[in-house]
Amino acid sequence: MINIKFPDGSVRTYESGVTGYDIAMSISPRLAQDVLAVSVRKIGEDSATKGTTIDLMRPITEDCEIRLLKWEDDEAKRVFWHSSSHLMAEALEALYPGVKFGIGPAVENGFYYDVDFGGMTFTDAELPKIEKKMIELAREKQDFVRMDVSKADAMAYFTEKGDQYKQELISELEDGTITYYTNGAFTDLCKGPHLRNTEVIKAVKLTSIAGAYWRGDEKRQQLTRIYGITFPKKSLLDEYLVVLEEAKKRDHRKLGKEMELFTFSSRVGAGLPLWLPRGAALRNTLENFLRRKQAEQGYLQVVTPHIGAKDLYVTSGHYAKYGKDSFQPIHTPQEGEEFMLKPMNCPHHCEIYRSAPRSYRDLPLRFAEFGTVYRYEQSGELHGLTRVRGFTQDDAHLFCRQDQLQEEFEKVIDLILYVFKTLHFDKFTAQVSLRDPNNPTKYIGSDENWDKAERGIIEAAKKKGLPYVVETGEAAFYGPKLDFMVKDAIGRSWQLGTIQVDYNLPERFQLEYIGADGEKHRPVMIHRAPFGSLERFVAVLLEHTAGHLPLWLTPDQIKVLPVSEKYSEYAKKVVNLLNNSELRASIDDRNETLGKRIRETSLKRVPVLVIVGEKEVADNTVSVRREGVDQGSMTVDGFIKYIQDAVKEELSQ
């Protein structure tokens, strides 16, 4: 017999080999209908640690804590969508015999499968036919059957099938670890988990197709990536499609063009954004906002070059870890001299620390920089401002004593929460990202240092009362981290701020300070970036607000519109008074109708319109509209105070 502990703390006893489905049935047949998978973890593990998700039909043979996962749980959605990718593959095999498959995982919203159609030209006109076939197959109530298979048998099966992609994947797996899943006529190499059967898949939408190189290598075969999403009810699909339409309206690439914030040029290069004057003003306002707060907290601004000697990144470990996937070294006329585009700011900041002797009295030292870094992304992975090859991090590196670590880490949490609150990111979860204990070669540094760092992050998250989850295998190669996952106005999740504890770079760079005992000691390093990167942060902020940025942040706070040309001089006088009061105002006195100018200004999301005509000139006033709502007539001085008070109120909140 084994003991099964439930989330409410209750414990029940079952026969060894009981399944999640059996357990759900023992509670309620209705519950068993709704449960999609089960999460198991060892009794006594941290409640924030996610368990291992397994099939409902997998035997459970040891004492454990379980959660029965329903559609509302993120883990259940991943299982649902992973199974849906297999259902789509079965439909594709039935409709297009001879197709070959790469990988087909669940993603944040749905799933995809990479497919080789051979010589066939595949277009999105085919998608409705595939959707119809998927629903037909789902209604057959096909079981997902798991089977252990030897490496030789797996290789023989996919060799006979002629699927070189699966053969390649199998060649990299260890014998004894390989499993198949079969649903209907389709068998796939897969470790699961999956649904009990296909019956629960009630609604299907294949959303798009794209090209994807096999294993992300531009030198290899380009496959067709088919994206889709499924639901257990049609009403949920209908709701999702409404959100999808809203997301299209909020696409930061569309808004960036309409608001004249940024652009891209093939001559400059893919993934390298060009910030236009209004976009540069937005960036500067964000930077100054954070700089002021950092100055209050004792940060020291530094500036480092855009390149560094290759040896710098060899020392830091970045070259060994990412060198082959980075922009390649720059060779100078001097033999043997190599530089690299800066992929990280932290090695440069370590050298700044090393530039002078340090005492325990000097610590903590907080070096901050809006540093631009360059990382090579595959062209197919580039996406607006969210995936680029050159981006600016609001980076800072804190060097402190061990006894200062907890306090400094908590102060950084407070700074990130301040940024989120000011910009109305009210819904977020903190993710404690730990190393993968089964893959130690991914990381550098001693187990002792990793243990200390991981404990410190969890203690800080608990002390601050953060809603947090623990994810193993998501740590940086040099240390664990605390990532902040925010939800935007339409419910999508984005990773923004991050804090990382690092004992390893101080070791690699031989960083030292003289302690109170007169001996040399090693500082602890904290990496932090509340925005993450300015590019990504601006993209998320635009989509979160649909371009309607807070008044204090928007690049054009006020647009002054003279009714006709004869009122232009007065309009210019008003603009000068506003700008002299440190408000961001400009004039639109083009020879266009007032209505057209109002529409075009609204498209740029300028929040405040000032209209001046005969009456305003005579009375020395302005007529004010804010976000399309008439605010009436004001004196110029009264209007300046109105805007200044509105900005102060936004920032005070």
Side-chain angles (χ1 to χ4, degrees), residues 5-9 36-53 65-80 106-109 243 293 394 405-436 453-476 479-501 526-532 536-537 540-541 543-545 653:
K5 186 176 180 181
F6 294 88
D8 64 359
L36 301 176
V38 61
S39 174
V40 300
R41 70 173 178 221
K42 293 178 181 178
I43 290 177
E45 277 192 308
D46 189 323
S47 60
T49 302
K50 289 185 178 180
T52 301
T53 305
E65 297 183 23
I66 73 164
R67 285 189 302 128
L68 297 171
L69 303 174
K70 299 195 288 185
W71 172 255
E72 295 75 20
D73 298 297
D74 288 343
E75 301 99 317
K77 287 185 177 73
R78 284 196 288 272
V79 172
F80 195 96
V107 292
E108 184 179 356
N109 284 299
V243 171
K293 196 66 180 176
D394 57 322
L405 175 62
Q406 199 72 22
E407 181 182 359
E408 289 300 308
F409 197 93
E410 290 171 14
K411 284 180 179 177
V412 176
I413 292 176
D414 290 338
L415 178 61
I416 290 177
L417 297 183
Y418 169 77
V419 169
F420 287 178
K421 184 177 181 182
T422 304
L423 291 162
H424 302 291
F425 286 114
D426 304 317
K427 297 177 182 177
F428 65 88
T429 301
Q431 176 179 299
V432 179
S433 299
L434 308 180
R435 68 198 142 152
D436 180 354
E454 289 175 343
R455 282 197 304 270
I457 289 178
I458 291 172
E459 286 170 14
K462 286 180 177 177
K463 186 173 180 181
K464 286 295 176 183
L466 296 178
Y468 77 95
V469 296
V470 175
E471 289 282 2
T472 58
E474 294 297 318
K481 55 183 179 169
L482 185 67
D483 292 324
F484 288 81
M485 321 299 287
V486 303
K487 281 202 169 182
D488 68 13
I490 56 175
R492 297 170 302 176
S493 292
W494 303 86
Q495 194 264 309
L496 289 180
T498 185
I499 321 173
Q500 303 168 10
V501 176
I526 299 174
H527 307 243
R528 51 109 282 201
F531 295 152
R536 182 176 175 81
F537 193 84
V540 174
L541 188 59
E543 299 200 9
H544 179 54
T545 63
Q653 292 174 355

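Worth knowing before you read on, the calculation uses all heavy atoms, side chains too, and leaves out hydrogens, waters and symmetry mates. Positions are given from 1 along the sequence. Quick caveat, the model's predicted, so the values are computed rather than measured.
Using a 4.5 Å heavy-atom cutoff, the side chains of His527 and Lys481 are not in contact. Under the 4.5 Å side-chain criterion, counting only non-hydrogen atoms from C-beta, Leu417 is in contact with Leu466. Contact check for Phe409 versus Arg528: no side-chain heavy atoms found under the 4.5 Å cut-off. Within the 4.5 Å cutoff, the side chain of Leu482 has no heavy atoms near those of the Ile416 side chain. Residues Leu36 and Val79 are not in side-chain contact: their nearest non-hydrogen atoms beyond the backbone lie 4.5 Å or more apart. Between Asp483 and Glu471, the closest side-chain pair of non-hydrogen atoms is not below 4.5 Å. The closest side-chain heavy-atom distance from Ile526 to Leu405 is below 4.5 Å.
For Ala460 against Glu410, the heavy-atom pair with the smallest separation is CB-CG, 4.2 Å. Closest of all the heavy-atom pairs between Ala453 and Val501 is CB-CG1, 3.6 Å. Nearest heavy-atom pair, Val243 versus Ile490, reported as atom, atom and distance to 0.1 Å: CG1-O, 3.9 Å. Across all non-hydrogen atoms, the minimal contact from Thr422 to Tyr418 is OG1-O, 2.8 Å. Scanning all heavy atoms of the two residues, the minimum distance from Phe420 to Gly497 falls at CZ-N, 4.1 Å. Closest approach of Leu434 to Pro480, counting heavy atoms only: CD2-CB, 4.4 Å.
With rounding to the nearest 0.5 Å, the separation of CD in Gln406 from CD in Glu408 is 11.0 Å. Rounding to the nearest 0.5 Å places NZ of Lys5 at 8.5 Å from CZ of Arg41. Here the OG atom belonging to Ser39 is positioned 4.5 Å from the CZ atom belonging to Arg67, to the nearest 0.5 angstrom. Atom CD in Gln431 sits 11.5 Å away from atom CD1 in Ile457 (nearest 0.5 Å). Once rounded to the nearest 0.5 Å, the distance linking CE of Met485 with OG1 of Thr498 reads 10.0 Å. Atoms CD1 and CD1, on Ile43 and Ile66 in that order, are 10.5 Å from each other to the nearest 0.5 Å.
With Trp494 as the aromatic partner, Lys487 does not meet the cation-pi criteria of under 6.0 angstrom to the ring centre and within 45 degrees of the ring axis.
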Task: side-chain contact (heavy atoms from CB on, under 4.5 Å) assessment of Phe425 paired with Leu541 - done: CA-CA 9 Å; Phe425 286 114; Leu541 188 59; 3.9 Å; yes
Task: Verdict with supporting geometry, Lys464 and Asp414, side-chain contact (heavy atoms from CB on, under 4.5 Å) - done: CA-CA 9 Å; Lys464 286 295 176 183; Asp414 290 338; 3.0 Å; yes
- [ ] Let me see the working for Lys77 and Trp71 under side-chain contact (heavy atoms from CB on, under 4.5 Å), right down to the final yes or no.
- [x] CA-CA 6 Å; Lys77 287 185 177 73; Trp71 172 255; 3.9 Å; yes
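With respect to the salt-bridge test (charged N to carboxylate O, under 4.0 angstrom), the residues Arg492 and Glu108 do not qualify.
By the 30° and 60° cut-offs, the orientation of the rings of Phe484 relative to Phe428 is tilted. Under the 30°/60° scheme for interplanar angles, the aromatic rings of Phe531 and Phe537 are found to be tilted.
Judged purely by atom type and a 3.5 angstrom limit, His424 has no side-chain atom pairing as donor or acceptor with the backbone of Thr545. A donor-acceptor contact shorter than 3.5 Å is absent between the side chain of Glu65 and the backbone of Gly51. Not a single donor-acceptor pair under 3.5 Å links the side chain of Asp488 to the backbone N or O of Ser493.
Under the 3.5 Å distance criterion, with hydrogens and angles disregarded, no donor-acceptor pair is assigned to the side chains of Thr472 and Asp436.
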